[in-house]
Amino acid sequence: MSELTPMMRQYLEIKADHPDSILFFRLGDFYEMFLDDAVKASRILDITLTSRNKNSDGADVPLCGVPYHSANPYIAKLIEAGEKVAICEQVEDPKSVKGIVRREVVRVVTPGLVVDADCLSPKENNYILSFATSGEAWGVAYLDLSTGEFRLTELEGSSGACAEAACVSPREILVPAVFRENGSLASLSSVTGERIVTFVDDWVYDADYAGRVFRNQFGVESPDALGCEGFPAGVLAAAAVLHYLEETQKGKAAHVSTITPYKTREFLVLDETARRNLELTATMSEGKRRGSLLGLMDRTVTAMGGRKLKQWINYPLISLSHIKERQDAVEELLPAGLRGEIVGQLTGVYDLERLNGRISLASASAKDLVALRESLQRIPSLLDVLTSMSCALVRSLVDGIDPLTDLVDLIGRGIVENPPFSLRDGGIIADGYHAELDDLRSISREGKGYIARLEAKERERTGITSLKIRYNKVFGYYIEVTRANLAGIPSDYIRKQTLANAERYITPELKEYEEKVLGAEERITELEYALFQEMRVTVAAQSERIARTADRLATLDVLASLAELAHERGYNRPVVDEGDAIAITDGRHPVIEAMSLGERFVPNDVLLDGSENQLLMITGPNMAGKSTFMRQVALIVLMSQMGSFVPAGEARIGVVDRIFTRVGAADNLARGQSTFMVEMTEAAQILREATSRSLVVLDEIGRGTSTFDGVSIAWAVAEYLHDRPDHAARTLFATHYHELTELAVTRGRIKNFNIAVREWNDQIIFLRKIVPGGASHSYGIQVARLAGLPLTVIERAREILQNLEKGEFSAEGIPRIAGSRKNAAPKHSPQLSLFGGEGDRVVERLKELNLSVMTPLEALNVLDELKRMV
Ligand code: ADP
Ligand code: MG
C-alpha cells in the first residue's frame, strides 16, 4: 500500500494503538470497519463484507459498517463473542474543518467492562478480575464497572487465588505480562482457561504507581486510607484494574469511588467444588440458575437485590452477631402486611447501581435520568414504612438511605415526563427550566404560527384556495400551487420545482421566517443537549450518595426476599452459636422439597458434634437418598450463616468455618476430567485443610477406582478424619460400601446411620428416613432388579454375592479388611489378606482386575476362575 488516502492513513495510525480491538471508525452516520477487523466482524455480525479499491496498487480494502445510532446491539454481539471494540469518533465538527476531521478513540468496550444494558443480565454482576503477586502473597481484585462495586483480597498461593477467582466468575481477567514467562499463567489455567485474558505491562505493578492511581481515582492519600494496609498484592491487582480503566474509559468512571478490602476467612469458605456440588448458584448438570439454591431463594424484586443475594450465598457469614442481625431483620419482616408495603415500594425501584454507572460514564439517556427520579421518589414512602421497624440492621439501613431530594427536584424540573431515547433531537428538557430555551421555543412556535397566517394571507391575495405552504428537508418551506391555478401566481413568487400536477415556489418573506424558525429549532436541539449533559454531570457528582443508597435498598430487598421465602415455605429461625453441634430436627432439602416431583419429601433429623457424633457413616442402597440428605445438612448450615431461616423444624448450628464436599466420580462424569485423580486431589485437600469447625461432606469417596482400592481408600480416609482430634471435622460420610459400617466398632466418634428401605417380595421400597445403624448390605442387586436387569443375571449375581460374603470376617468375627500391621491389637486381625490363608495367587489375580471396565460376563468368568483356585 504505497499511496494511502489521508483517511486511510489516519485509520491505520489509530488502529496501530488498538491492535487487539475491533476499531469502530466513525464516518458520517456509520461506524466503518476495515481490513482484518472487517473480515472478522462481518462474520460475527453476519453483515455484508464489501470492499473498496482505495489503494493505488489495486489491492482491495475489505470494509463493513453499522449505523452509529443503532450500533449498540452490534457492539453487544461482538462483546458476546469475546472481542473488544474501540469506538473512534469524529472529535471536530465536520462542517467547520477543511480536509480530514480529527478522530479519537473515546472508549474501548471490553467484555469485562461493558455497561450497556444490552450486554448485561440484570441479576448478574459483570466482573473484570485482576491477579498480582507481592512476595508470597497473591492479590485478587475485581470490579463491576456497570455498578461501581470494587473489592480486593489476598490469598496464599495461586490455588487460593484461583478458588477465589472461580467464585467471582469474572468475564475478563487481567494478568501481569510476566506471568506468561514465569509459569504463573499455567497455574491459573483453571480460571483463565475459557475466559478472556488481557496482559498488562509489568511496570504497572509497582507500589508507587499504585499509590498514584489510587489517589487519582479515590482522592485518598494512600491505599491505607481505604483499609488496604496488609494487602500489598491486592493493591497492585487493583491498581492494574484502575490503569486499564483509565486506558479504556478515558477517565470517566467517577462512580468507582471506593474499594473494599476483605479477608476470605471472615466468611464461611466455600471452594469451587463445594459451590458446584451444592448447586449454590447453578445446577451441576446444566449450569442453570433455575434448580439451584439461588434459583429457589431469589424472591428479590430489584436487580440490585438479586445480585446481592447471590453474594450472600457465595459469602455466608461467620460472625455470630452479624448473622443474628440479619435473622432479627428477617423475623421482623415476616408479617405479610409490612413486607408487602416495603416490597411494593421496592418494586418501583430501577437498577440504581447501573443507572449510576451509566450516568458517571456519560452513557445515560434522558430516560435513565427519569428512571433515577422515579426510583428515588419511592424512598420517602419507603422510609415511612421502615420507621415502624426496630431491628438494628434495618435501623442502620434507614440511616444510610438518602432520598436525594435535590436530584429528584432537579430532574423533575428539568426533564419531561417521557423523553425520547435520542439525545440529539430535542424534546428532552421541560418548559420553564431554562429561560433561553423557553424563548427559542416561543420563537419557533410563533414562526410556525406566522407561516400558518402567511398561508391564509397568500390564499386571499392570489385567490387560490388550494394554495398550501409545506416543508421538506431539501427546500425547506415552499408554496405549492396546482397546475390548474398557475394563472393566478403573483410576480414575486420564485419558482423552485416543477411536479407533474403542481409548481413549488418560495418568496423572500417566507425564507426570512424560515431562517428564524429553523435557526431556532437547530439552536433548541443544541441547547437541550448541552443542558442535558450539564445535568448528567451534576447528577454524576452525587454518585457516591446514589451508590450508598442503592446498596442499602439492595440489602433491604434481600432481607425481604428471605422473609418471603421463610413465610412461603414454612422455614424456621435457626440458632447459630459457638457450640460444636449441628442439630437439625425435621430438616428438608430446600430445592428438592420445592420441586415436589410427585413424591412427598420426607424430613430427617441429624446430630453432628465434636464428641460421639463426629462422623456419621451413612449407608443405604443407591437411590435411597444419601446424597440428598447430606446436601440438605450442608445447605441448612449455609442458609443459617447467610442469616436466612431454614427448611427445618428446629436447627442449632455450631458455626462452621468451611464446608468441604467431595462427590464420587460417577456423579461427576459430565466434567469429563480424569475423575479419579480429581477426586483424590480434592480428598487430599480436605484432609489437609479441614478444621474441627469445618463441615465435611464425602459422598461415595473411592467410587472412581476398583472396588478394593475404593473401599480401602474410603476406609483409611474415614479413619484419618476421626483419628486427629485437633482436626476432627464434623463429617457426613455416605458410602455404598456397607463394609465401612464396621468402623464404628473400633472408633468412638463414628456413628452408623442408614436410609431405611423395606424389602418386600424381593423388591425394595425407599422409605427416605434416616435411622441409626448400618445397612446390612448394599442392595445393589435389588436396585439392579428395579432397573430391569434380566432375572437370570439377578439370580446368578445373588449366588456370587453369597460366595464373596463368606470371606468377609475373620475367625474372631472382626472384619478382615480393617486389619492393620501398625496399631490394631493382634487379636483383632492377624492378617491383611482379604482371603486369609487361601493363598496370594487369588489376591494377585484380584489386584490385576479393573472392575470398572469389566462386563458382568467377564466378571463371572473371573469369579469362576478364582473359585477353581481355592
Ligand atoms: P443416593 O445418594 O442414596 O443414591 P439420592 O440422594 O440421589 O440417593 O436420592 C435419590 C432420589 O430420591 C432423589 O433424587 C430424590 O428425588 C429422592 N429423595 C431423596 N431423599 C428424599 C426424601 N427425604 N424425601 C423424598 N424424596 C427423596
Ligand atoms: Mg448419591
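As the structure lists them, so they are numbered: ligands from 1, and atoms in each ligand from 1.
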Peer 1: Evaluate the criterion side-chain hydrogen bond (donor to acceptor under 3.5 Å, both in side chains) for residue pair S169 and R195; output intermediate values, then yes/no.
Peer 2: CA-CA 9 Å; S169 189; R195 294 191 165 89; 3.2 Å; yes
Peer 1: Will you find, in the side chains of S694 and D657, an N or O donor that is under 3.5 Å from an N or O acceptor?
Peer 2: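 D657 and S694 do have a side-chain donor-acceptor pair below 3.5 Å.
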Peer 1: Under a 3.5 Å threshold, yes or no: a donor from one side chain and an acceptor from the other, between T300 and K123?
Peer 2: yes
Peer 1: Look only at interatomic distance and state if F601 has a nitrogen or oxygen under 3.5 Å from any nitrogen or oxygen of ligand 1.
Peer 2: no
Peer 1: May I ask you to say whether R631 pairs ionically with E279, meaning some side-chain N is under 4.0 Å from a carboxylate O?
Peer 2: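 Looking at E279 together with R631, the answer is no, because their closest N to O distance does not fall below 4.0 Å.
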Peer 1: Does Y315 have its ring centroid less than 6.0 Å away from the ring centroid of F267?
Peer 2: yes
Peer 1: Taking the minimum heavy-atom distance to atom 18 (N) of ligand 1, which of R768, R588, K769 ranks first?
Peer 2: R768
Peer 1: Would one find an N, O or S atom of S627, in either backbone or side chain, under 2.8 Å from the Mg ion (ligand 2)?
Peer 2: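 Yes, since at least one N, O or S atom of S627 sits under 2.8 Å from the Mg ion (ligand 2).
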Peer 1: So S627 and D699, side-chain hydrogen bond (donor to acceptor under 3.5 Å, both in side chains) or not? Walk me through it.
Peer 2: CA-CA 7 Å; S627 303; D699 196 352; 2.6 Å; yes
Peer 1: So if I count the atoms of ligand 1 from 1 in the order they appear, which ones are less than 4.0 Å from some heavy atom of A624?
Peer 2: 1 (P), 3 (O), 8 (O)
Peer 1: Are the side chains of V633 and I584 in touch, meaning some heavy atoms are under 4.5 Å apart?
Peer 2: yes
Peer 1: Output yes when the distance from some N or O of ligand 1 to some N or O of M623 is under 3.5 Å, and no in every other case.
Peer 2: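 Between M623 and ligand 1, an N or O pair is found under 3.5 Å apart.
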Peer 1: Examine ligand 1 and decide if any of its atoms is less than 4.0 Å from a heavy atom belonging to R600.
Peer 2: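 Per 4.0 Å heavy-atom rule, R600 contacts ligand 1.
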Peer 1: Using a 4.0 Å cutoff against the non-hydrogen atoms of T628, which atoms of ligand 1 qualify?
Peer 2: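 Listed by number with element: 5 (P), 6 (O), 9 (O), 13 (C), 19 (C), 20 (N).
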Peer 1: Any atoms of ligand 1 less than 4.0 Å from a non-hydrogen atom of G625? List them with their elements.
Peer 2: 1 (P), 3 (O), 5 (P), 6 (O), 8 (O), 9 (O), 19 (C), 20 (N)
Peer 1: Tell me which part of P621 gets within contact of ligand 1: side chain, backbone, both or neither, using heavy atoms under 4.0 Å.
Peer 2: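 Only the backbone of P621 comes within reach of ligand 1.
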